[in-house]
**Q** 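Just passing along the structure, written as structure tokens.
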Amino acid sequence: MESSRFKVLGEFLKSRRERLQPEQAGIPNSFGRRRTPGLRREEVAILAGVSVTYYTWLEQGREVAASKEVIESIGRALQLSPDERLHLLQLWSSEKPDVPPPGTDSVNSEWQDIIDQVAYPAFIANDRTEVLAWNRAACEIITDFQSMSDQERVLIRIFFVNPYFRNHILNWGEFASNSVAVFRSYYDRHTGDAWFRDTVERLAEECEEFGTLWRLHDIQQKKASRFILNHRAGELAFEINTFVRLNGNTDLHFCIYTPVTGTPTKHKLKEFLEAALPLMTATLVLPQTVVVIIY
């Protein structure tokens with residue numbers, strides 16, 4: 001596990017180095033023809049104030065000791081984004097108290113009750129993007145989770161293998177790159193988990209676009225993102241809001257597709273769901289009385 005962590009750390013550093021151009025780092029391009037993209041290792045070492053040998057060992061995935069100050073200095077030299085800096089520190093730290101056993105495969109029945117009360121598409125997934133619970137709106141708007149087996153109900157595969165999403169998500173480029181960058185942060189977080197490795201290898205073979213995005217090694221923490229869908233109900237614009245650390249479990253994510261303010265999505269969604277789900281019932285409990293309203 002420890003060697004896997006250092007290997008992933010080295011791969012991440014290399015990907016960020018190759019992305020950064022000399023002129024971006026304030027280095028005059030006057031050292032002859034460059035055989036590799038981005039900065040040279042010695043240039044990163046100079047910018048970070050560490051020896052070339054030390055930085056080279058880090059990139060090679062060797063198990064070398066490094067202080068937090070050194071890692072942060074390397075992060076600044078590579079001009080990492082806030083999400084990337086956090087990811088780098090997580091890879092560097094040998095203490096992993098918040099990383100749960102991979103693949104939480106069930107949720108409490110009370111969480112299903114909560115999801116069912118949400119008027120918008122909603123589901124609970126884990127770091128593997130396995131969907132564990134969902135409401136009827138999610139089945140009607142996103143995909144029919146109910147008809148899938150547990151093995152099929154994996155979002156990262158659903159979005160990239162099913163051509164429907166590439167053809168109907170109107171902001172596909174943005175959505176796809178964000179999805180892979182978030183999934184990459186989960187993959188690196190669970191170093192040594194064979195499920196992630198096998199899933200990525202299989203998906204990269206099946207989908208060239210996924211493989212191209214994966215090799216960029218972009219990282220993004222889970223945050224609100226847009227999902228614009230050409231649906232039978234019309235054009236629907238959602239903001240995906242995510243609540244993490246459910247009951248202290250960092251492997252679980254509660255995702256709600258909220259209609260974007262200022263668009264007709266909320267109205268279209270309401271009309272479509274009322275037509276699609278005419279027998280939905282709401283139960284109002286009063287003292288000594290149960291009133292069932294059918295609408």
Side-chain angles (χ1 to χ4, degrees), residues 107-126 129-150 152-180 182-183 209 222-244 246 252-286 289-295:
V107 297
N108 296 332
S109 59
E110 291 83 359
W111 282 108
Q112 182 66 61
D113 293 339
I114 293 172
I115 294 175
D116 289 338
Q117 300 304 313
V118 178
Y120 307 141
F123 58 81
I124 292 177
N126 58 20
T129 73
E130 295 170 321
V131 178
L132 308 177
W134 58 90
N135 63 8
R136 292 289 299 276
C139 284
E140 293 292 339
I141 301 301
I142 304 172
T143 193
D144 188 5
F145 295 119
Q146 186 67 40
S147 67
M148 299 177 181
S149 67
D150 292 345
E152 295 172 323
R153 208 178 294 119
V154 179
L155 281 174
I156 195 68
R157 285 192 51 80
I158 291 171
F159 285 136
F160 279 92
V161 173
N162 188 338
Y164 167 83
F165 292 101
R166 186 178 293 99
N167 297 329
H168 288 79
I169 296 178
L170 301 182
N171 62 328
W172 170 254
E174 173 192 10
F175 178 81
S177 61
N178 288 347
S179 297
V180 174
V182 170
F183 188 69
E209 183 177 12
K222 192 76 171 178
K223 61 185 66 175
S225 59
R226 288 295 172 95
F227 180 84
I228 305 175
L229 183 67
N230 181 16
H231 190 267
R232 286 175 294 157
E235 182 176 316
L236 303 176
F238 294 99
E239 183 170 85
I240 307 175
N241 292 287
T242 304
F243 302 89
V244 298
L246 299 185
L252 294 180
H253 317 275
F254 186 178
C255 302
I256 303 177
Y257 284 52
T258 309
V260 174
T261 303
T263 72
T265 298
K266 184 176 181 179
H267 176 71
K268 289 180 180 180
L269 178 66
K270 183 174 183 294
E271 283 194 338
F272 178 81
L273 292 179
E274 286 177 348
L277 309 174
L279 298 180
M280 286 180 62
T281 63
T283 302
L284 174 64
V285 181
L286 298 175
T289 306
V290 176
V291 179
V292 177
I293 305 171
I294 301 178
Y295 56 94

**Q** Looking at Leu273 and Glu140, what are the two nearest heavy atoms and their distance?
**A** CD2-CB, 4.0 Å
**Q** Over all heavy atoms of both residues, which pair between Gln146 and Cys139 is shortest? Give the atoms and the distance, please.
**A** N-SG, 3.8 Å
**Q** Going by distance alone, is a donor N or O of one side chain under 3.5 Å from an acceptor N or O of the other, for Asn178 and Ser225?
**A** no
**Q** Which residues pass the ring-ring contact (aromatic ring centres under 6.0 Å, His included) test with Phe272, not counting sequence neighbours?
**A** His231
**Q** Taking only residues two or more places apart in sequence, or in another chain, which ones meet Asp116 in a side chain to side chain donor-acceptor pair (under 3.5 Å)?
**A** Gln112
**Q** Please name all residues satisfying side chain to side chain donor-acceptor pair (under 3.5 Å) with Ser147, sequence neighbours left out, ordered by chain then number.
**A** Asp144
**Q** Looking at Thr265 and Ala237, what are the two nearest heavy atoms and their distance?
**A** OG1-N, 2.8 Å
**Q** Testing the basics here: between Cys255 and Thr242, what is the closest heavy-atom pair and its distance to 0.1 Å?
**A** SG-OG1, 3.7 Å
**Q** Aromatic contact between Phe159 and Phe175, with the criterion being ring centroids under 6.0 Å apart: yes or no?
**A** yes
**Q** Do you know the tightest heavy-atom contact between Phe243 and Leu246?
**A** O-CD2, 4.0 Å
**Q** Inspect the surroundings of NE2 in His168 and state if more than 12 heavy atoms from other residues, nucleotides or ligands are less than 6.0 Å away.
**A** yes
**Q** Carefully, step by step, assess Leu132 and Trp111 under the rule side-chain contact (heavy atoms from CB on, under 4.5 Å).
**A** CA-CA 10 Å; Leu132 308 177; Trp111 282 108; over 6 Å; no
**Q** Please name the pair of heavy atoms, one in Thr129 and one in Ile156, separated by the smallest distance, quoted to 0.1 Å.
**A** OG1-N, 3.2 Å
**Q** Assess the residue pair Ile114 and Phe254 against the criterion (side-chain contact (heavy atoms from CB on, under 4.5 Å)); give the C-alpha distance rounded to whole Å, side-chain angles, the decisive distance to 0.1 Å, and a yes or no.
**A** CA-CA 10 Å; Ile114 293 172; Phe254 186 178; 4.1 Å; yes
**Q** Could you go step by step and tell me if Phe160 and Trp172 meet the ring-ring contact (aromatic ring centres under 6.0 Å, His included) rule?
**A** CA-CA 10 Å; Phe160 279 92; Trp172 170 254; 5.4 Å; yes
**Q** How about NZ on Lys266, more than 12 heavy atoms from neighbouring residues, nucleotides or ligands closer than 6.0 Å, or not?
**A** no
